[in-house]
Asker: 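Please read through the structure below; I'll follow up with questions.
Numbered from 1 within each chain, the chains take letters A, B, ... in sequence-line order. Note that the coordinates shown come from a computational prediction; the quantities given were computed from them, not determined experimentally.
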Amino acid sequence: MRRCAPFCLRKLSYNDLRGFVPVKECHEHFWGSFGAQAVRLSTEFNVLGCEEGRHVDVFQRTHHRDLLKSSDVKTSQQARKLVERGCLQPDPLFYNRLLKKCVELGDLREGRIIHALVLTSEFKDDIFILNNIINMYVKCGSLGEARICFDEMPAKDTFTWTTMIVAYTQNGRPEAGLSMIPKMLHLGLKPNNFTFSILLKASGAISSAKHGMHIHTLCIKYGCDSNVYVGTSLVDMYARCGLIDEAQSIFDGLVSKNEVSWNALIAGHARKDRGEEALKLFQSMKREDFDPSDFTYSTVLNACASAGILEQGKWIHAHVIKCGVKLTDFVGHTLLHMYAKCGSIEDAEKVFARLVERDVVSWNSILTGYAQHGLGHKSLEQFDIMLKTGMQPNAITFLCLLTSCSHAGFVEQGQYYFEMMKTYGLEPKIEHYVTIVDLLGRAGKLDQALKFIRDMPVKPVAEIWKCLLGACRMHRNMELGVYAAEQTFDLDPYDSGPYVILANMYALAGRRNDVAKVRKMMKDSRVRKEPACSWVEIENAVHVFVADDDTHPQSKEIYDMWESISAKIKEIGYVPDTSHVLLFLEDHEREAKLQHHSEKLALAFACLNTPPKSTIRIKKNIRVCGDCHLAFKFASTVIERDIIVRDTNRFHHFRNGSCSCGDYW
DNA sequence: AAATCCTGTC
């Protein structure tokens, strides 16, 4: 204790001494402990015209303040020990500062001790302190203890209830948070801005427009809807519930908005795959003099990533550089993700090299990039480097590795990693099981895949069977395919995919009656096939095509261009693969059907509108069809260009007549 | 005297 004294004495100034009330109880102890130094202090006080009695309190307050300013946990403990020894006379503020310190440091153990200390003090019923104790438990991650304190509190106020709602909402139990509101209202407690923001967040988290709208009406009733936090939460809630237009109109009507409100709206559009709208909003935001933050950049970069618009992504990157935003966690990862997702793995590698710090997410992002670009070897090499740097892989890391192996056909390696993840204490989740089925299935080991499914410790979900079904189509195994399809119909009757695959398999086998049967099933279950489309970005504009599209202004040129490409590739050996057409048509009709698939139109359009030799990047909302894949291989030779096609889960790089996927996808 | 809204890898 003596150690602390000089530190405290040095800090005293006249301003510290003014207006403090003496604490008599500590007086004696103080003099006894500090002896000569206290006398010196006393002299200084006398010079300043203070009474002796004030010293102790000055000591206390100064001491608390200085102790609590430091982020060193030892000082918080020191402060507490002084109280335990009776050298300090704590007031409620003292406890609250200590609790705040525990929250900052996430120190649950220390928090519990302070809780105990409060319980033995005269403030054991102080609602303010008890509220802060609950908050401390919540922020330190102990929901259970928070709840016990909550239940045991004799009198609760709005803060108490709000804190508990925050606790549930931020710990993945938004329904539990929402369920507290009726009771709170019943007790006559008025929710405030804090309560409403968190309730709206909870509604958004479960995408429940019903709850959200109810909370919205309460916001209005309690006059909280003009608060900027509440307003922003409203925008976010509607966006997360899929009501993006409602979100936009709330945003437009906001009395006060800040950059967070903009971010919420931009993120909403980005989630809805409205990349261009998100970018437009980004522009408006800057026009209206709101400063984009890390949040904004990662949001718009993500919008570019999902829309696959590389040029505009680069433009945002330029902004990031111009504004001196560091490539730390969020911005760095979304930038890397954007380049990988827009088909430029080289740029993604450059970003990875320049990241200020690399955490497990950075590594996962680059591994995912390699996996999606079919660079299986690179992915595994990178993983070795990751381990050498001492970075701990997580469940997602292994998912990336398994995907890499699956796409590259590395069956044994994949199984090795699957076992390896367990040695890292990671329990395989359903996604991992799906990937192993995919790995085995693609490699033609269908029986092994089925045995794997049977032996799985978890119940198979629809995804598992869809995977097996895809493999059965690839390897023409009708019997197992039918079985897998039946399983998916039970588990996920509304997905069109399995019906279409099964119908195709029947069609290939010439089983017309069965095709009709599947069609009827589709009709009965009201399943609709998602329309296939492809898109390309040319000079900051996105051009979307569907099959047989004739709506584009350049339509005639596009068809002529495709005819010309088609003629040239036939000369060097392209024979249309009509097995990909479901309908029972004559051969020439089947070919006609194939020739105007959306990706072919997109390719022709890109040839017309981009400089010779430049890389063509096409995005698709579903898997690339087998015939288009074949045609594009020949086309890459004929037009002397690299063609990169992104489908739902991977990239195909066509160059000089072959594809990076090695025809294995 | 305390707290509330927006972003990343699958």
Asker: B:dA2 P sits how many Å from A:F194 CZ, rounded?
Answerer: 10 Å

Asker: With a 4.0 Å cut-off on heavy atoms, is A:N96 in touch with a base, just the backbone sugar-phosphate, or nothing at all?
Answerer: base

Asker: Base, sugar-phosphate, or nothing: which does A:K139 touch, judged by heavy atoms less than 4.0 Å apart?
Answerer: sugar-phosphate

Asker: Counting only side-chain heavy atoms from C-beta out, which of B:dT4, B:dT9, B:dC6 sits nearest to A:A264?
Answerer: B:dC6

Asker: Side chain of A:V260: nearest nucleotide among B:dT9, B:dC5, B:dT4?
Answerer: B:dC5

Asker: For B:dG8, does OP1 or OP2 lie under 4.0 Å from any side-chain N or O of A:K341?
Answerer: no

Asker: Taking the six-membered ring for Trp, are A:F410 and A:Y417 ring centroids under 6.0 Å apart?
Answerer: no

Asker: Treating A:S379 as the side-chain partner and A:L375 as the backbone partner, does any N or O pair qualify as donor plus acceptor under 3.5 Å?
Answerer: no

Asker: Mark yes or no for whether A:H432, through its side chain, and A:A395, through its backbone, hold a donor-acceptor pair below 3.5 Å.
Answerer: yes

Asker: Under 6.0 Å from the ring centre and within 45 degrees of the ring axis: does the NZ or CZ of A:K257 meet both conditions for the six-membered ring of A:F251?
Answerer: yes

Asker: Out of B:dG8, B:dT4, B:dA2, which nucleotide sits closest to the side chain of A:N302?
Answerer: B:dG8

Asker: Is the phosphate of B:dC6, meaning OP1 or OP2, less than 4.0 Å from a side-chain N or O of A:K201?
Answerer: yes

Asker: Touch check for A:R240, heavy atoms < 4.0 angstrom, all strands: base, sugar-phosphate only, or nothing?
Answerer: sugar-phosphate

Asker: What is the nucleic acid contact for A:N649, judged by heavy atoms within less than 4.0 Å: base, sugar-phosphate only, or nothing?
Answerer: nothing

Asker: Of the nucleotides B:dC5, B:dG8, B:dT7, which one has an atom closest to the side chain of A:H333?
Answerer: B:dG8

Asker: I need the NZ-P distance between A:K101 and B:dA2, as an integer number of Å.
Answerer: 14 Å

Asker: Nearest to the side chain of A:L93, heavy atoms from C-beta on, is which of B:dT9, B:dA1, B:dC6?
Answerer: B:dA1

Asker: Send over the distance from A:N227 CG to B:dC6 P, rounded to a whole Å.
Answerer: 14 Å

Asker: Can A:F159 be said to stack with the base of B:dA2, given centres closer than 5.5 angstrom and planes under 30 degrees apart?
Answerer: yes

Asker: Just to confirm, is there a sub-4.0 Å distance from OP1 or OP2 of B:dA2 to any side-chain nitrogen or oxygen of A:R97?
Answerer: no

Asker: Please work out which of the three classes, parallel, tilted or perpendicular, describes the rings of A:F282 and A:H319, given edges at 30° and 60°.
Answerer: perpendicular

Asker: Run the salt-bridge test on A:R271 and A:D236 with the 4.0 Å N-O cut-off and return the result as yes or no.
Answerer: yes

Asker: Assign A:T232 to base, sugar-phosphate, or nothing according to its heavy-atom contacts below 4.0 angstrom with the strands shown.
Answerer: base

Asker: For DNA chain B, find the residues of residues 293-301 of chain A with a heavy-atom distance under 4.0 Å and give them by number; none if there aren't any.
Answerer: A:D294, A:F295, A:S298, A:T299

Asker: Can you tell me the distance, in whole Å, between the CD1 atom of A:I198 and the C1' atom of B:dA2?
Answerer: 15 Å

Asker: Among A:D359, A:N302, A:V351, A:N364, whose side-chain contact (heavy atoms from CB on, under 4.5 Å) with A:H333 holds?
Answerer: A:D359

Asker: Roughly, in whole Å, what's the span from OH in A:Y168 to P in B:dT4?
Answerer: 17 Å

Asker: Choosing from B:dA2, B:dC5, B:dT9, which nucleotide comes nearest the side chain of A:N132?
Answerer: B:dA2

Asker: Which of these nucleotides, B:dT9, B:dA1, B:dT7, is closest to any side-chain atom of A:A267?
Answerer: B:dT7

Asker: Round to the nearest Å and state the distance from A:I181 atom CD1 to B:dT4 atom C1'.
Answerer: 13 Å

Asker: Give A:S233 one of three labels, base, sugar-phosphate or nothing, depending on what nucleic acid heavy atoms sit under 4.0 Å from its own.
Answerer: sugar-phosphate

Asker: Of all the nucleotides listed (B:dT9, B:dA1, B:dT4), which has the minimum atom distance to the side chain of A:Y229?
Answerer: B:dT4

Asker: Using the six-membered ring for Trp and the full ring for Phe, Tyr or His, decide whether A:F330 stacks on the six-membered base ring of B:dG8 (centres under 5.5 Å, planes under 30°).
Answerer: no

Asker: Can you check the A:Y339 OH to B:dT9 C1' distance for me, whole Å?
Answerer: 18 Å

Asker: Keeping the roles fixed (side chain from A:S406, backbone from A:L402), state whether a donor-acceptor pair exists under 3.5 Å.
Answerer: no

Asker: Does A:Q170 have a side-chain nitrogen or oxygen under 4.0 Å from the phosphate oxygens OP1 or OP2 of B:dC5?
Answerer: yes

Asker: Does B:dG8 have OP1 or OP2 under 4.0 Å away from a side-chain N or O of A:H337?
Answerer: no

Asker: Between B:dA1 atom C1' and A:I129 atom CD1, what is the distance in whole Å?
Answerer: 10 Å

Asker: Relative to each other, are the rings of A:W262 and A:F290 parallel, tilted or perpendicular (30° and 60° limits)?
Answerer: tilted

